[in-house]
There are 4 protein chains.
Amino acid sequence: MIRIDQRSSTPIYQQLVQEIKEVILRGVLQPGDKLPSVRELSVQLTINPNTVQKSYQELERQKIIENLRGKGTYVSTHYKPREDTEKLSVLRDDLRKVLIEAHYLGLDEEKITEMVRQLLEELTIREGDR
Amino acid sequence: MIRIDQRSSTPIYQQLVQEIKEVILRGVLQPGDKLPSVRELSVQLTINPNTVQKSYQELERQKIIENLRGKGTYVSTHYKPREDTEKLSVLRDDLRKVLIEAHYLGLDEEKITEMVRQLLEELTIREGDR
Amino acid sequence: MIRIDQRSSTPIYQQLVQEIKEVILRGVLQPGDKLPSVRELSVQLTINPNTVQKSYQELERQKIIENLRGKGTYVSTHYKPREDTEKLSVLRDDLRKVLIEAHYLGLDEEKITEMVRQLLEELTIREGDR
Amino acid sequence: MIRIDQRSSTPIYQQLVQEIKEVILRGVLQPGDKLPSVRELSVQLTINPNTVQKSYQELERQKIIENLRGKGTYVSTHYKPREDTEKLSVLRDDLRKVLIEAHYLGLDEEKITEMVRQLLEELTIREGDR
DNA sequence: GTGGTCTAGACCACA
DNA sequence: GTGGTCTAGACCACG
């Protein structure tokens with residue numbers, strides 16, 4: 001369900017954050033669901049527990065998951081994006097970078113728009129819809 | 001014309017690569033135009049010459065600029081994007097990341113699409129069009 | 001009357017100690033009053049009986065409540081704060097932490113003082129006064 | 001300048017965060033000043049570099065300090081507290097806890113208010129004022 | 001020389 | 001059994 005690329009230059013803990021966010025967004029993990037324990041996941045992915053820990057803490061900081069004392073970690077039931085103009089401006093910048101890159105790879109506007117459309121569709125297939 | 005954020009977590013040399021690519025894309029620098037010398041630019045941006053050097057090397061590797069020995073560095077006159085399925089897949093992944101992030105910031109598909117549209121427009125205003 | 005936040009990072013048993021202290025301070029529970037049994041309270045708050053037990057023990061250690069064997073747990077009738085320079089110095093430290101935090105949240109001295117005043121007022125409304 | 005209590009139950013990294021915040025608030029370290037490097041401070045305090053690192057990262061997250069790529073860590077020059085109702089409510093709660101504790105230590109309102117006044121005074125002595 | 005990441009392994013508090 | 005903290009030691013990217 002979750003894949004880590006040990007060879008990638010992006011830190012493992014960030015990959016993991018990313019993957020979990022995606023899994024939740026797609027509805028594979030729903031609000032209230034239990035995530036695997038730190039130890040469990042570390043064994044499964046053959047990475048160090050501390051690394052998993054770091055990812056979980058980052059996700060908790062973002063209010064996407066929450067820890068229930070001694071019971072484990074769960075997908076937040078009440079995640080609410082809050083206005084964050086700074087993050088929004090960062091997002092815009094990241095998007096700009098990607099679009100510039102796309103141009104240099106020879107994609108025209110049409111192809112880019114199509115790729116966006118496709119990805120958005122992919123990401124919004126909820127489990128419940130199946 | 002070019003701005004570097006010393007506090008950003010993305011390496012300065014990568015920021016610079018990014019900025020130069022954007023400047024070229026927007027037509028501020030056109031094929032055949034001369035880029036500032038490493039020393040010049042390093043002074044102007046108050047960053048280490050080695051850092052500028054590294055950026056120029058990266059851009060040269062990508063065939064976006066070229067160095068004429070003793071004469072300086074110029075925007076390539078013959079840049080041609082080539083099919084690169086690996087880079088394309090990386091791009092797709094980066095785009096996916098941004099879109100996931102957008103969702104968690106509370107943007108719906110409409111707002112995302114609009115943002116893409118806006119950025120694409122911004123990026124394709126060529127100097128020549130003015 | 002008593003609220004526990006399972007998601008909070010402060011241990012449940014400490015939250016409970018805190019809450020009971022507050023309830024007594026406000027006079028909702030008066031000296032001599034009976035506290036709910038461990039079992040009762042654990043059911044009511046849907047927490048582990050061991051956790052309630054731990055809280056009661058802590059409160060007993062602080063002489064704030066007392067256990068009459070077989071009869072239940074009662075608010076002490078003879079609580080007397082005793083000079084405890086160590087605890088006082090801990091308190092001072094905790095207060096300092098809060099005040100530093102307040103500054104970093106942008107509160108000026110006036111606002112801080114006002115907040116203290118308000119809270120003190122809130123806390124000293126006794127049931128008997130109603 | 002900074003003291004860590006290895007025996008304390010509060011994590012070292014949190015103590016360090018706290019201490020640095022206080023040092024900055026008192027003006028011993030001013031905006032733009034360089035903090036000791038991770039390694040340096042870890043040697044000085046005889047704690048693990050990772051622990052210092054964790055503190056620095058937490059402070060950076062709070063925008064109180066910032067990292068200048070390869071040059072070291074500096075006190076932010078443009079810290080601006082931003083409206084954060086959630087943090088404010090946590091602060092209020094913490095303050096309430098302290099005040100309750102104070103009552104149980106036998107302090108009356110007058111003494112509490114006086115202690116607050118004293119601490120506020122202590123904390124707002126800036127280096128520049130000396 | 002600076003911080004960022006990761007591993008291995010240990011201990012502890014909490015429920 | 002769960003996560004939280006800490007240490008020791010290693011490697012790496014960046015400037």
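Throughout, a chain's letter reflects where its sequence line sits, starting with A, and its residues are numbered from 1. Just so it is clear, the model here is predicted, and its values are computed rather than measured. Side chains included, hydrogens not; waters and symmetry mates left out as well; all remaining heavy atoms used.
A donor-acceptor contact shorter than 3.5 Å is absent between the side chain of B:E19 and the backbone of B:I4. With hydrogens and angles ignored, the 3.5 Å screen pairs a side-chain donor or acceptor of B:Y79 with a backbone N or O of A:Y104. B:T73 places no side-chain N or O within 3.5 Å of a backbone atom of B:L35 that could act as its donor or acceptor partner.
A straight line from CD of A:Q6 to P of E:dT7 spans 6 Å, rounded to a whole angstrom. Distance A:L16 CG to E:dC6 P: 10 Å, rounded to the nearest Å. Distance, A:R69 CZ to E:dA13 C1': 9 Å, rounded to whole Å. A straight line from CG of B:D5 to P of F:dC14 spans 16 Å, rounded to a whole angstrom. Between D:L41 atom CG and F:dC6 atom C1' the separation is 16 Å, expressed in whole Å. When the P atom of F:dG4 is taken as reference, atom CD of A:E66 falls 13 Å away, rounded to whole Å. Atoms CG (D:N67) and C1' (E:dT5) sit 14 Å apart, rounded to a whole Å. Spacing between atom CD of C:Q57 and atom P of E:dC14 amounts to 13 Å, rounded to whole angstrom units.
Closest approach of D:Q6 and D:L45 over heavy atoms only: NE2-O, 4.2 Å. Closest of all the heavy-atom pairs between C:L59 and C:K21 is CD2-CG, 3.9 Å.
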Which pairs of donor and acceptor atoms, one on a side chain in residues 48-55 of chain D, lie under 3.5 Å apart (sequence neighbours left out)?
unit_1, atom_1, unit_2, atom_2, d
D:N48, OD1, D:N50, N, 2.7
D:S55, OG, D:Y13, O, 3.0
D:S55, OG, D:T51, O, 3.2

Taking Watson-Crick and G-U wobble contacts under 3.5 angstrom, with | marking pairs to another strand and [ ] crossing pairs, the secondary structure of DNA chain F is written ||||||||||||||.
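At a threshold of 4.0 angstrom between heavy atoms, the contacts of A:L68 with the nucleic acid are absent. C:S9 comes within 4.0 angstrom of nothing in the nucleic acid, heavy atoms only.
Residue D:T73 places no side-chain N or O under 4.0 Å from the OP1 or OP2 atom of E:dT2.
Taking for each of A:P11 and C:T10 the nucleotide of DNA chain E with the nearest heavy atom, the 5'-most of the two is the partner of A:P11. Map A:G72 and D:I12 each onto its nearest nucleotide of DNA chain F; the residue landing nearer the 5' end is A:G72. Sequence order on DNA chain F of the closest nucleotides to A:P36 and D:K71 puts A:P36 first from the 5' end. Closest-nucleotide positions on DNA chain E for A:Y13 and A:G70 were compared, and the one nearer the 5' end corresponds to A:Y13.
Residue A:K34 places its NZ atom among more than 12 non-hydrogen atoms of other residues, nucleotides or ligands, all under 6.0 Å distant. Dense packing is recorded around CZ of A:R61, with more than 12 heavy atoms of other residues, nucleotides or ligands lying under 6.0 Å away.
In the region residues 45-55 of chain A, proximity to DNA chain F at under 4.0 angstrom, judged on heavy atoms, holds for A:N50, A:Q53.
With F:dG3, F:dT7, E:dT7 as the candidates, the nucleotide lying closest to the side chain of A:V38 is F:dG3.
In summary, A:R96 and B:E22 engage in a salt bridge, as defined by a charged side-chain N under 4.0 Å from a carboxylate O.
Side-chain contact, A:Q18 with A:Q14: no donor N or O sits under 3.5 Å from an acceptor N or O.
The base of F:dG3 is paired with the side chain of A:R39 by a donor and an acceptor separated by under 3.5 Å.
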